[in-house]
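Here's the structure, in structure tokens; my notes come after.
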Amino acid sequence: MSYTLVIFGASGDLTSRKLIPALYGLFRKRRLPEGTRIVGFARTPYSDDQWRGKLTDSTREFAGAEFDSASWQQFAQSIHYQPGDIGHREDFVALKKRLDELEGSADASRVYYLATAPQFYEPAIEQFGATGLADESHGTRRIVIEKPFGTDLATAKRLNEEVHKVFSEQQVYRIDHYLGKETVQNVMVLRFANTIFEPIWNRNYIDHVQITVAEEVTVGRRGEYYDKAGVLRDMFQNHLLQLLMITAMEAPVRYKADAVRDEKVKVLHAIRVPTPEEVCRDTVRAQYRGYRETPDVAAGSQTATFAVVKLSVENWRWQGVPFYLRSGKAMSCLTTQIVIQFREPPHMLFPSGRRFEQEGNRLVIQVQPAEGIQLHFQTKVPDAGMQLRLTDLDFSFQREFHGTMPEAYQRLLLDAMAGDASLFARADEVEAAWGIIDPIHAAWRTTGKPQMLEYEPGLWGPQAAIDWMGAQGRSWFDACPVIDGSHSS
Ligand code: BG6
């Protein structure tokens, strides 16, 4: 069986920055099934050769040191282009004819990748249905849908309904590229392939969990999209909730798409949907100074570029353990980390030896960029009485495995081709995630609380977020990872 990957939105940024470099990377590692064809579809009237030329330049730029002309020339032979407009039925008919010609008489598996702007998802899906492109009598037909999947619960439901008119759920692969990251998958391995963590991974030992996705970049040229989305839609509904689900889920009975996703969805169902009063108490929102001067951002914009959301997972394992989710643009540094803060010892033997305020054990999972895990624990400082200090066991993927981490899209593209949906969001999962985010947006809008704050770019958000955490007797673990494995605050 051969494979055809059809990319809709072929002339866009995602295609040139992520998808083609990822496919080329797979080709270089000989992971792309032999004979795989890549067909681009977009309105720009390129020929095959023109599109290949354009991709040669962009891949040289985005694949960096991995690019080499000889292997690229070989790979480029499998790239084709079919001009067309998603609004025109006849262009889909022409695409179908072209795909049939490229594939010849043998059956082929197809993956349709919607890398277009989101407003084209529904029209494209309707065209697949009308032109028989979803029909599986000559091989599997799968559809990959990029984020954002809807902008709230109502639009996500509607999109799911439209998708399901044409494709069965088994054919649908909703992307959250965080699930393609090695370190995110490794959280499952850490928890479920080891025996020492799981017994303490619960309310008896854990005080709270912090999940931070901090970015140094500003909104930059994405003002038009971002001002409508804001940090909750852009980062929380998808990436942060995915990290929370993987941290909080029960062990699936087997590593199979539905078993994994069933457990993840249960976590979302266990999250207490906050009332407007709780939203006021349990969230912080802020904008970085200068955001409103960004091109295409409204002058009086009330869009948050930073937020903290405290969520409760109400089940036996997590009752009373707050999950603090935090994300923002224009912050101190680029870091995605999950911090498991353990409780303090019930009785401290060494009161006089304390140098710092008592700190419990902490497991820090560095998702990126200094991928690794540190376990923090108290140690006796030599030759200093009974003075203690928090030190750490430090595991680094880079030191252990050398080589660079593969791009998340490599894994996701291969899985979609192979029909493994474990690392993709299911229909009920995206809807349940919106069901948590919508009430927060609604409360912010209707009550105007908590107040929108401002923060200086280059910090860990507004001071109020630090004070807010302090008022709960806790503090953020704010460390900027340093790629050589050491850490600085
Ligand atoms: C995207 C968001 O989904 O994820 C961006 O739209 C964000 O705003 C990006 O910068 C972060 O992804 P990563 O892989 O760089 O952490």
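Note that ligands are numbered from 1 as they come in the structure, with each ligand's atoms numbered from 1 the same way. Heavy-atom basis, side chains included; hydrogens, waters and symmetry copies ignored.
- The contact set between ligand 1 and Lys147, taken as ligand atoms under 4.0 Å from a residue heavy atom, comprises 1 (C), 2 (C), 3 (O), 6 (O).
- Tested against Gln410, the residues Lys29, Arg31, Lys18 include a single side-chain hydrogen bond (donor to acceptor under 3.5 Å, both in side chains) partner, Lys29.
- The environment of Lys147 atom NZ is dense: over 12 non-hydrogen atoms of other residues, nucleotides or ligands sit within 6.0 angstrom.
- Counted within 6.0 Å of CD on Glu162, heavy atoms from surrounding residues, nucleotides or ligands total more than 12; the atom is thus considered enclosed.
- Applying the 4.0 Å criterion to heavy atoms of Lys329 picks out, from ligand 1, the atoms 5 (C), 7 (C), 8 (O), 10 (O).
- When only non-hydrogen protein atoms are considered, atom 12 (O) of ligand 1 lies nearest to His177 NE2, 3.1 Å.
- The shortest separation from a heavy atom of Asp234 to ligand 1 is under 4.0 Å, placing the residue in contact.
- Geometrically, Arg60 does not engage Trp72 in a cation-pi contact, judged by NZ or CZ lying under 6.0 Å from the ring centre and within 45° of the ring axis.
- Side-chain contact annotation: His376 with Asn361, donor-acceptor N/O pair under 3.5 Å absent.
- At least one heavy atom of Tyr178 sits closer than 4.0 Å to an atom of ligand 1.
- Across Glu146, Glu215, Arg222, heavy-atom proximity to atom 5 (C) of ligand 1 is greatest for Arg222.
- For atom 15 (O) of ligand 1, the closest non-hydrogen atom on the protein side is Gln368 NE2, 4.3 Å.
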